Amino acid sequence: MPSFVNPEKCDGCKALDKTACQYVCPNDLMMLNPDLMKAYNREPEMCWECYNCVKICPTQAVEIRGYADFVPLGATVTPLRSTDSILWTVKFRNGSLKRFKFPIRTTPEGEAKPDGGFAVQDDINSNALYSEPEALGLDEVATL
Amino acid sequence: MANFETVEVTTDLLIVGGGMAACGAAVEAAYWAKKSGLKVTLVDKAAVDRSGAVAMGLSAINQYVGLKDGQNSMKDYVDYVRNDLMGITREDLVFNIARHVDSSVHLFEKWGLPIWKDAEGNYVHEGRWQLMINGESYKVIVAEAAKNALGMENIYERIFIVGPIMDGDRCVGAVGFSVREDKFYVFKAKSVLVAMGGAVHVFKPRSSGEGLGRAWYPPWNSGSSAYFTLKAGAEMTCQEVRFIPVRFKDAYGPVGAWFLLFKSRATNGLGEAYMQTRAGELENWKPYGKVKPVPANLRNWLMMLDVNEGKGPIFMRTDEAINKIAESEGDEKAAKKKLRELESEAWEDFLDMTISQAILWAATNTAPEQKPSEIAAAEPYFIGSHSGASGAWVSGPKDMAPEEYFWGYDNMSTINGLFCAGDASGASSHKFSSGSHAEGRIAAKAAIRFVLDHPEDVNVDTAAIKEIKAEILKPLDIYAEFSGKTVTPDVNPNYILPKMFMFRLQKIMDEYAGGVSTAFTTSNTLLERGLELLSFLREDAAHLAAADLHDLMRCWENVHRMWQAEAHVRTLLFRDETRWPGYYFRSDKPVMDNENWLAFANCKYDPDTGDWEMIKRPVVHIYNEL
Ligand SMILES: Cc1cc2nc3c(=O)[nH]c(=O)nc-3n(C[C@H](O)[C@H](O)[C@H](O)COP(=O)(O)OP(=O)(O)OC[C@H]3O[C@@H](n4cnc5c(N)ncnc54)[C@H](O)[C@@H]3O)c2cc1C
Ligand code: SF4
Ligand code: SF4
């Protein structure tokens with residue numbers, strides 16, 4: 001089904017002006033039911049299972065149930081994303097479990113410097129982009 | 001008419017889209033613009049942090065040339081791309097991207113993207129051109145640099161761009177609407193850079209129930225780049241060069257690591273390896289059939305020959321591959337350790353970029369080290385940055401483009417002030433995430449140069465905008481007027497809803513233009529009939545209805561898809577040969593005709609007359625052909 005919301009966990013993002021899952025879904029699927037103050041996926045058959053709503057939900061209310069037209073029941077894949085790594089728990093249909101942890105970034109959040117600290121140049125007519133040639137690790141940009 | 005406030009934004013450079021190419025463009029444009037006191041604005045239908053094809057993450061950077069370490073030469077990359085595309089490629093564009101792509105990769109690393117390193121500190125390669133990454137946050141990191149460069153005040157999210165604003169033969173902006181509030185947006189700009197990705201759901205997908213959204217290509221890229229550039233009157237190229245990926249069946253998990261890193265074989269249901277048993281077929285597609293690596297479409301083709309003879313299913317021999325590597329470790333303890341390492345790498349490959357595949361493995365109790373998994377050809381997609389080539393026909397770089405390919409500014413389309421990058425520009429395949437980013441930077445620098453050369457204010461015809469606004473909002477009006485005329489609004493003789501419109505398009509394309517159900521085969525007569533059916537669909541587009549803003553977006557997404565479809569069908573018809581078996585097969589013209597068709601098949605829509613023009617353009621080499 002793609003993503004679905006556990007009503008016991010969803011708090012509607014505490015009535016902030018936009019909910020986290022609605023903010024992030026690249027396909028504009030997550031909606032808030034204003035009467036219930038609960039989120040839902042309005043078009044499950046257009047969900048890519050990209051997990052962005054799952055990863056961003058502050059209360060872990062969003063889960064994914066594999067597409068019914070080709071995925072047997074019973075498995076879950078659950079992420080827990082922190083600022084520098086992600087922990088995945090994979091539960092098999094037969095009950096066995098696997099856990100994996102992977103790094104997601106090497107720098108503090110928000111601090112990406114556009115020029116990457118490479119020397120910049122200021123000739124708009126040259127072949128070099130602004131952080132080149134240093135960002136290339138070369139003395140000059142290749143030509144024929 | 002629906003009562004929408006009109007919001008006007010005036011800027012110097014407008015970047016349309018927020019994916020890899022757009023984020024590259026933002027970083028580069030911000031620098032040059034600041035120097036000259038210019039303004040740069042970016043607009044995306046989604047949230048830049050997680051928009052486009054990289055929204056979920058990726059497990060590899062697919063283009064890294066490694067020039068600084070002398071790993072490869074520029075010619076190596078150009079040869080690879082030209083040969084993979086069966087001889088049809090703009091070598092000047094491929095060269096231009098390849099000479100800059102490494103600097104995008106080095107920037108990603110500085111921004112915080114974890115790229116795998118070996119014990120000596122060198123990048124770990126998946127294949128010759130591919131680097132392994134821990135890429136869950138790839139898009140977040142690339143977007144962060146773009147946001148830091150532009151400032152959030154210059155970024156508009158959740159605005160769906162419908163089409164261009166023209167001033168004669170110059171593109172001077174874009175129109176669209178918010179999907180959050182009743183607002184119509186008019187962006188006026190001295191130049192416009194289109195980077196709205198490729199298209200999916202033009203063809204009927206294999207899964208059509210709940211799994212409809214699980215196409216390989218993300219359901220949110222719907223051909224907006226193609227529509228925008230076509231409607232501006234820009235010449236388009238390679239509209240016939242769709243891409244069909246072979247991936248793990250149904251969930252479309254990536255196979256690159258399996259083939260390249262783990263050196264896995266694929267076999268048919270009888271245990272035969274089609275790359276060996278069918279090798280003779282490659283003779284028919286010489287000279288490209290004989291190059292290494294074998295072009296992607298030909299690898300598909302050999303597999304399809306087996307499938308069409310009923311020799312499926314096709315299996316990736318994951319068990320064989322993993323155990324072979326583990327056993328080569330020598331003693332049993334080392335082999336066990338290696339096995340665990342490989343297992344984790346295999347799962348990460350999915351978890352970073354196709355989580356559905358991990359669910360499917362878990363739900364079918366699949367342990368890759370114990371049993372093989374099925375692979376299959378997906379449905380056709382339009383993704384000019386990957387192994388397809390569709391997009392706008394753009395100018396090459398001054399220092400090397402042959403004169404036929406040069407008209408002033410890198411990556412400018414045949415329309416003044418309209419630049420394209422990533423999936424939006426054609427005939428420069430195999431740029432992938434990193435090359436799209438680099439190409440966005442190239443195009444942005446040129447676009448700023450264009451603005452400096454053309455500083456005069458642009459002219460926007462207010463009456464024309466009013467008309468466009470009415471046309472864009474019309475599906476809301478139709479719904480408001482007619483939805484009460486039936487007891488339930490979903491079946492109503494006065495209109496067509498966007499999802500049914502999409503299904504009709506998909507059925508036409510599937511059955512007449514070589515989709516899954518005809519084993520990717522078509523012919524002149526099938527295509528002519530398809531065009532006839534598309535013309536009815538085009539008329540019916542005027543009767544699309546939308547209950548709300550979300551549906552209004554769905555209406556226009558599907559109109560965009562329909563235009564991508566028409567450009568595709570017309571170009572399939574024009575190219576009177578089969579050049580890319582494995583992507584599509586013309587049953588009436590089953591062989592490659594290098595004498596007449598080693599050329600680009602271009603097309604152009606004339607917005608004034610509504611006519612299509614088909615144009616043959618020469619392939620001019622910058623290096624000797626093989
Ligand atoms: C499944 C998959 C796996 C891939 N794997 C790899 C890999 O391992 N390594 C690699 O290097 N590359 C990989 N690629 C290729 C890579 O993702 C693309 O080459 C790259 O994202 C293209 O960049 P782009 O900017 O053209 O498009 P995208 O990055 O897709 O960006 C398109 C942007 O346009 C916006 N948009 C679309 N329509 C509109 C509209 N109407 N109005 C406003 N905004 C709009 C979208 O929201 C998005 O921001 C993969 C691609 C796919 C689909
Ligand atoms: S992000 Fe989570 S808590 Fe917030 S609305 Fe969505 S599901 Fe509910
Ligand atoms: S998984 Fe992705 S596409 Fe599906 S609802 Fe969540 S964010 Fe949207």
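These figures come from a predicted structure and were not determined experimentally. A, B, ... follow the sequence lines: proteins, then strands. Residue 1 opens every chain. Any value given below was found using the heavy atoms of this structure, including those in side chains, with hydrogens, waters and symmetry copies removed.
- For the salt bridge (Lys or Arg N to Asp or Glu O under 4.0 Å) condition, no pair includes a residue of residues 356-365 of chain B, sequence neighbours left out.
- Heavy atoms closer than 4.5 Å to chain A are found nowhere in B:T354, neither backbone nor side chain.
- Within 6.0 Å of CD in A:E140 there are 12 or fewer heavy atoms belonging to other residues, nucleotides or ligands.
- Heavy-atom minimum distance, A:P114 versus B:V27: O-CG1, 3.9 Å.
- Looking at B:R206, neither its backbone nor its side chain comes within 4.5 Å of chain A, counting heavy atoms on both sides.
- Both the backbone and the side chain of B:N365 come within contact range of chain A, with heavy atoms under 4.5 Å apart.
- For the salt bridge (charged side-chain N to carboxylate O under 4.0 Å, His left out) test, no residue two or more places apart in sequence or in another chain qualifies with B:D453.
- Within the 4.5 angstrom heavy-atom criterion, no atom of B:V105 approaches chain A.
- Ranking A:P108, A:P133, A:S126 against chain B, the residue ahead of the rest is A:S126, based on heavy-atom pairs under 4.5 Å.
- Only the backbone of B:Y217 has a heavy atom closer than 4.5 Å to any heavy atom of chain A.
- Between B:K445 and A:E132 no salt bridge is recorded (no basic side-chain N to carboxylate O distance below 4.0 Å).
- In terms of heavy-atom pairs under 4.5 angstrom with chain B, the leader among A:V77, A:D28, A:D115, A:D84 is A:D28.
- Ranking A:N127, A:D139, A:L73, A:V120 against chain B, the residue ahead of the rest is A:N127, based on heavy-atom pairs under 4.5 Å.
- Note that the OG atom of A:S85 and the NZ atom of A:K101 stand 4.0 Å from one another [nearest 0.5 Å].
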Practice prompt. Show your reasoning for whether side chain to side chain contact (heavy atoms under 4.5 Å, CB included) applies to A:L97 and A:T89.
Written response: CA-CA 7 Å; A:L97 283 180; A:T89 305; 4.1 Å; yes
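- Using modelled atom types, one finds a donor on one side chain and an acceptor on the other under 3.5 Å when comparing B:S51 with B:K139.
- With ring centers used as reference points, B:F160 lies 6.0 Å or more from B:H550.
- For B:P397, no part sits under 4.5 Å from any heavy atom of chain A, backbone or side chain.
- B:W116 does not touch chain A: none of its heavy atoms, backbone or side chain, sits under 4.5 Å away.
- Heavy atoms of B:F108 lying under 4.5 Å from chain A are absent altogether.
- For a residue to count as touching a neighbouring chain, one of its non-hydrogen atoms must lie under 4.5 Å from one of that chain's; by this rule A:Y130 touches chain B with backbone and side chain alike.
- At a 4.5 Å heavy-atom cutoff, the contact between A:W48 and chain B is made by backbone and side-chain atoms alike.
- Ranked by non-hydrogen atom pairs under 4.5 Å with chain A, the options B:L351, B:L360, B:L107 are led by B:L351.
- Residue contact with chain B, scored on non-hydrogen atoms closer than 4.5 Å, involves the side chain of A:V141 exclusively.
- For B:K35, the part lying under 4.5 angstrom from a heavy atom of chain A is the side chain only.
- Residues B:H201 and B:E557 bring no donor and acceptor atom of their side chains to less than 3.5 Å of each other.
- Interface remark: of the candidates A:R42, A:E134, A:K55, A:K98, A:R42 forms the most heavy-atom pairs closer than 4.5 Å to chain B.
- Residues B:A362 and B:W347 approach most closely at N-CH2, 4.2 Å, considering heavy atoms.
- Side-chain contact check for B:S207 and A:D69: no donor-acceptor pair (N or O, by modelled atom type) lies under 3.5 Å.
- Among B:I141, B:D44, B:V101, B:I359, the residue with the largest count of heavy-atom pairs under 4.5 Å with chain A is B:I359.
- Ranked by non-hydrogen atom pairs under 4.5 Å with chain A, the options B:A98, B:G209, B:A46 are led by B:G209.
- Under 4.0 Å is where a charged nitrogen must lie from a carboxylate oxygen, and between B:R50 and B:E136 at least one such pair does.
- Contacts with chain B were tallied for A:E111, A:Q121, A:E109, A:K18; A:Q121 has the most, counting heavy-atom pairs under 4.5 Å.
- Residue with the most contacts toward chain A among B:A47, B:A438, B:S137: B:S137 (heavy-atom pairs, distance under 4.5 Å).
- For the options B:E109, B:K110, B:E144, heavy-atom pairs under 4.5 Å to chain A are most numerous at B:E144.
- Counting heavy-atom pairs under 4.5 Å between each of B:E157, B:R441, B:M353, B:M400 and chain A puts B:R441 at the top.
- With a 4.5 Å cut-off on non-hydrogen atoms, A:L129 touches chain B through its backbone and its side chain both.
- Heavy atoms closer than 4.5 Å to chain A are found nowhere in B:A446, neither backbone nor side chain.
- For B:L452, the part sitting under 4.5 Å from any heavy atom of chain A is the side chain, from C-beta outward, and nothing else.
- The distance from the OH atom of B:Y77 to the CG atom of B:L67 is 11.5 Å, given to the nearest 0.5 Å.
- With hydrogens and angles disregarded, no donor-acceptor distance shorter than 3.5 Å links the side chain of B:S104 to the backbone of B:H100.
- Interface remark: B:K499 contributes side-chain atoms only to the contact with chain A (heavy atom separation under 4.5 Å).
- A donor-acceptor pair is defined here as one N or O able to donate and one able to accept, closer than 3.5 Å; such a pair exists between the side chain of B:D352 and the backbone of B:G135.
- For A:N52, the part lying near chain B is the side chain, with the backbone staying farther off; criterion is any non-hydrogen pair under 4.5 Å.
- In this structure, NZ on B:K45 lies 13.0 Å from CD1 on B:I159, to the nearest 0.5 angstrom.
- Between chain B and the options A:V90, A:L144, A:V71, heavy-atom pairs under 4.5 Å are most frequent for A:L144.
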